[in-house]
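Every value quoted in this text rests on a predicted model; they were computed, and no experiment measured them.
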Amino acid sequence: MSAEKGKGIEVINYCNWMSQLPPELHNIPLFNLTIPGSHDSMSYDLDISSSIVEPDHLKRFSKIYCARKIVQKWAATQEETITKQLDAGVRYFDLRIARKPNDTNPTRLYFYHGLYTESDVESVLRSINEWAKRHPKEILILALSHFKGFDIKIEEQLHSHLTSFIKTLFGTRIIHKHPFPTLKSCWDQGRNIIVSYDYPAKQQPELWSKISYFYGNSMEPAKVESELCRVLEKARPSQRLFVCGLNLTLPENTRILKYILRLCDNFANVIQRSLPKLLRWVKQQAALTPMNIVASDLVTRDNFVSTVVQLNKISVK
């Protein structure tokens, strides 16, 4: 990728954009950087043969291929693999975890959004770790959450297995939360992976608690912008990481039918139509209120990553 010059930050390759930030940004806390993130990061990998996980009122149609196909069309918010998202410059990942009922492997876990994914959690985390090894100056933020289908009888066993796997896999690459890290402190220690684990009972020094994720809970870009404006101006977290989610959200009630019964449309098309407008708003709003992690659907489209990375020039002024 060619360099983006002019008034913005010069970045030669968004695969390594953090390492190319100007020295003035190396010693500021990570919550003062603007970081591109991916919403429902694994939804490119949904398994059409899996049962329907959500919404609840469609679960009973799991055996009908057409129903699963509709759920897939409206649950796939990403189109590129995790590795390609990383190569594109995405550094925050929204990873929603679930256990498939009746899986023969008692500790095997998957991701989900509407349907389960084809790839299991451990395989994907290994791929992320390999990428992190090759790019030691790029800081990755992995937000693990939801843990759907964790039967109460084996819930603790599943969490213990997963957290042990994470600590063993990432090892000394895991960034501790105290003192709050900067790019330079991470580089000096050879650490480049933050793991946020949204299950209070499993909090450990290596694992960060839930990172607040703010979003508009609407299919209308104007309402998304309005809600994020409110948060940024009146309720923005201080001295910690937080996410502004640009993502549109389907209704959870019967109003969802207004969208999913459009035979010639899908969620990716809806997102594609709204993303340019949302990115224009991001550039305008960032000049008024600092942002931290900005997450979106279709993160490899519409110059999303370059738009968010260039917002760091505001911190240099």
Side-chain angles (χ1 to χ4, degrees), residues 38-82 84-85 93-124 144-155 158 162 198 213 215-221 224 245 247-275 295-301:
S38 166
H39 169 250
D40 275 311
S41 307
M42 284 297 301
S43 60
Y44 64 86
D45 188 54
L46 301 179
D47 182 0
I48 192 65
S49 66
S50 96
S51 57
I52 295 173
V53 187
E54 56 183 3
D56 287 341
H57 55 273
L58 291 182
K59 285 182 179 180
R60 64 181 182 275
F61 301 114
S62 283
K63 292 183 180 179
I64 303 173
Y65 175 83
C66 227
R68 300 196 304 271
K69 189 64 180 174
I70 289 172
V71 171
Q72 184 190 46
K73 281 174 58 178
W74 290 90
T77 67
Q78 303 297 341
E79 56 191 355
E80 298 290 357
T81 67
I82 284 285
K84 288 185 177 179
Q85 291 179 46
F93 296 91
D94 171 22
L95 302 172
R96 305 180 184 202
I97 293 174
R99 182 172 186 272
K100 288 183 180 179
N102 305 317
D103 193 311
T104 54
N105 184 327
T107 57
R108 182 162 51 207
L109 301 170
Y110 292 84
F111 304 97
Y112 79 96
H113 189 224
L115 303 170
Y116 297 103
T117 57
E118 293 187 25
S119 304
D120 67 274
V121 168
E122 293 185 12
S123 297
V124 171
L144 280 61
S145 66
H146 288 65
F147 308 110
K148 201 173 186 70
F150 278 32
D151 187 282
I152 193 166
K153 295 177 183 176
I154 57 170
E155 184 176 30
L158 289 172
L162 180 55
D198 186 14
Y213 192 113
Y215 64 106
N217 197 27
S218 173
M219 288 292 284
E220 298 177 34
V224 172
N247 48 287
L248 306 180
T249 308
L250 285 164
E252 293 185 357
N253 54 27
T254 54
R255 289 187 298 115
I256 194 174
L257 298 175
K258 170 184 173 184
Y259 299 98
I260 67 174
L261 293 181
R262 296 176 185 171
L263 298 181
C264 297
D265 209 354
N266 59 44
F267 210 177
N269 288 341
V270 175
I271 296 161
Q272 182 66 30
R273 294 194 291 268
S274 66
L275 191 52
S296 177
D297 302 316
L298 298 184
V299 289
T300 54
R301 291 205 198 181

Problem set entry | Side-chain touch L250/Y259, heavy atoms, less than 4.5 angstrom | yes
Exercise. What distance do Y110 atom OH and R99 atom CZ have between them, rounded to the nearest 0.5 Å?
Worked result: 10.0 Å
For this session: Mind running side-chain contact (heavy atoms from CB on, under 4.5 Å) on T300 and K84 for me, showing each step along the way?
Result: CA-CA 8 Å; T300 54; K84 288 185 177 179; 5.6 Å; no
Problem set entry | Among I256, I70, I260, the one residue meeting side-chain contact (heavy atoms from CB on, under 4.5 Å) with L58 | I260
For this session: Check the side chains of D198 and Y213 for a donor-acceptor pair under 3.5 angstrom, ignoring hydrogens and angles.
Result: no
For this session: Drop me the distance from F267's CZ to M219's CE, to the nearest 0.5 angstrom.
Result: 4.5 Å
Exercise. By side-chain hydrogen bond (donor to acceptor under 3.5 Å, both in side chains), which residues pair with R262, not counting sequence neighbours?
Worked result: D265
Problem set entry | Within 6.0 angstrom of Q272 CD, more than 12 heavy atoms from elsewhere | yes
For this session: Mark yes or no for whether Q85, through its side chain, and S41, through its backbone, hold a donor-acceptor pair below 3.5 Å.
Result: yes
Exercise. In Å and rounded to the nearest 0.5 Å, what is the NE2 to CD distance from H146 to E54?
Worked result: 7.0 Å
Exercise. Do L275 and S296 have side-chain heavy atoms sitting under 4.5 Å apart?
Worked result: yes
For this session: Please report the shortest heavy-atom distance between L115 and S50, naming the atom on each side.
Result: CB-OG, 3.5 Å
Seminar exercise, completed: Between the CG atom in L109 and the CD atom in E122, the distance rounded to the nearest 0.5 Å is 7.5 Å
Exercise. Is there a donor-acceptor pair under 3.5 Å between the side chain of D47 and the backbone N or O of Y116?
Worked result: no
For this session: Verify, without hydrogens or angle tests, whether S62 (side chain) and I52 (backbone) share a donor-acceptor contact under 3.5 angstrom.
Result: yes
Seminar exercise, completed: All heavy atoms of T117 vs all of Y112, minimum pair found to be CG2-N, 4.3 Å
Problem set entry | side-chain contact (heavy atoms from CB on, under 4.5 Å) assessment of Y215 paired with V224 | CA-CA 6 Å; Y215 64 106; V224 172; over 6 Å; no
For this session: Would you name the heavy atoms of D297 and I271 that are closest together and state the gap between them?
Result: CB-CD1, 3.4 Å
Exercise. Are a donor atom and an acceptor atom from the side chains of T77 and D40 found within less than 3.5 Å of each other?
Worked result: no
Exercise. What are the two closest non-hydrogen atoms of V299 and Q78, and how far apart are they?
Worked result: N-OE1, 3.2 Å
Exercise. Donor-acceptor pair, D45 side chain versus S119 backbone, under 3.5 Å?
Worked result: yes
Exercise. Checking E118 side chain against I48 main chain: does a donor-acceptor pair fall under 3.5 Å?
Worked result: no
Problem set entry | Distance, nearest 0.5 Å, that separates OG1 of T249 from NE2 of H39 | 6.0 Å
For this session: Could you pull out the closest heavy-atom pair between P221 and L248, with the gap in Å?
Result: N-CD2, 4.2 Å
For this session: Enter the distance from R68:CZ to L46:CG here, rounded to the nearest 0.5 Å.
Result: 12.5 Å
Exercise. Side chains of K148 and I97: closer than 4.5 Å at any heavy-atom pair?
Worked result: no
Exercise. Closest heavy-atom contact between S145 and D94?
Worked result: OG-OD1, 4.3 Å
